[in-house]
Amino acid sequence: VTSLSGDITTRLASGKREGGDFIASMVTAQGGWVHAVAEDGFLYSFDLGKGELGHLLKAHEKDVIGVVSHPHRNLVATWSDDGTLRLWRASAHGD
């Protein structure tokens with residue numbers, strides 16, 4: 001995660017050596033979480049306060065294209081090359 005001036009503020013990693021490169025990521029509106037999708041089809045949710053991976057789930061079988069979260073509700077959307085859009089309830093945390 002970088003600041004507006006380009007300084008690295010936090011480093012996050014999936015822990016995987018192969019197939020774990022991130023395709024897309026976003027910081028929640030409240031700034032407490034980063035959601036990222038990777039080449040392996042997983043959705044990674046990082047707790048910025050703790051600086052660690054908080055949640056991990058298999059989002060899609062085919063190539064994941066993107067991720068976004070609702071600004072006021074605990075919803076995360078992922079979409080894939082297979083034409084699917086999936087909504088995930090992020091109820092385990094406050095953002």
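Throughout, numbering of the chain's residues begins at 1 and tracks the sequence.
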Minimal non-hydrogen separation, Lys58 against His60, with atom names:
CE-O, 3.2 Å
Taking side chain to side chain donor-acceptor pair (under 3.5 Å) as the definition, give me every residue that meets it alongside Asp82, ordered by chain and number, with sequence neighbours left out.
Ser80, Thr84
Spatial distance of atom CD (Glu39) from atom CG (Asp21) [nearest 0.5 Å]:
4.5 Å
Validation row: His55, Trp33 side chains within 4.5 angstrom (heavy atoms):
yes
Honestly curious: do Leu57 and Leu85 fall in one hydrophobic cluster under the side-chain, below-4.5 Å linking rule?
no
Please list every donor-acceptor pair under 3.5 Å in which a side-chain atom of residues 61-72 meets a protein atom from a residue at least two apart or in another chain.
{"from": "His70", "atom 1": "ND1", "to": "His72", "atom 2": "N", "distance (Å)": "2.9"}
{"from": "His70", "atom 1": "ND1", "to": "Arg73", "atom 2": "N", "distance (Å)": "3.0"}

Is a side-chain N or O of Arg86 found less than 3.5 angstrom from the main chain of Ala77, in a donor-acceptor match?
no
In chain order, what residues pass the side chain to side chain donor-acceptor pair (under 3.5 Å) check against Trp88, with sequence neighbours excluded?
Thr78
Rounded at 0.5 Å granularity, tell me how far CZ in Phe46 sits from CD in Glu52.
10.5 Å
Heavy atoms of Val34 and Ser25 approach each other most closely as CG1-CB, 4.3 Å
Please report the C-alpha distance between Tyr44 and Leu53 in whole Å, then the side-chain angles of each, then the deciding distance to 0.1 Å, and finally whether the side chain to side chain contact (heavy atoms under 4.5 Å, CB included) criterion is met.
CA-CA 7 Å; Tyr44 294 81; Leu53 182 63; 3.8 Å; yes
Find out whether Leu43 and Leu56 are in side-chain contact, i.e. whether some heavy atom of one side chain is under 4.5 Å from a heavy atom of the other.
no
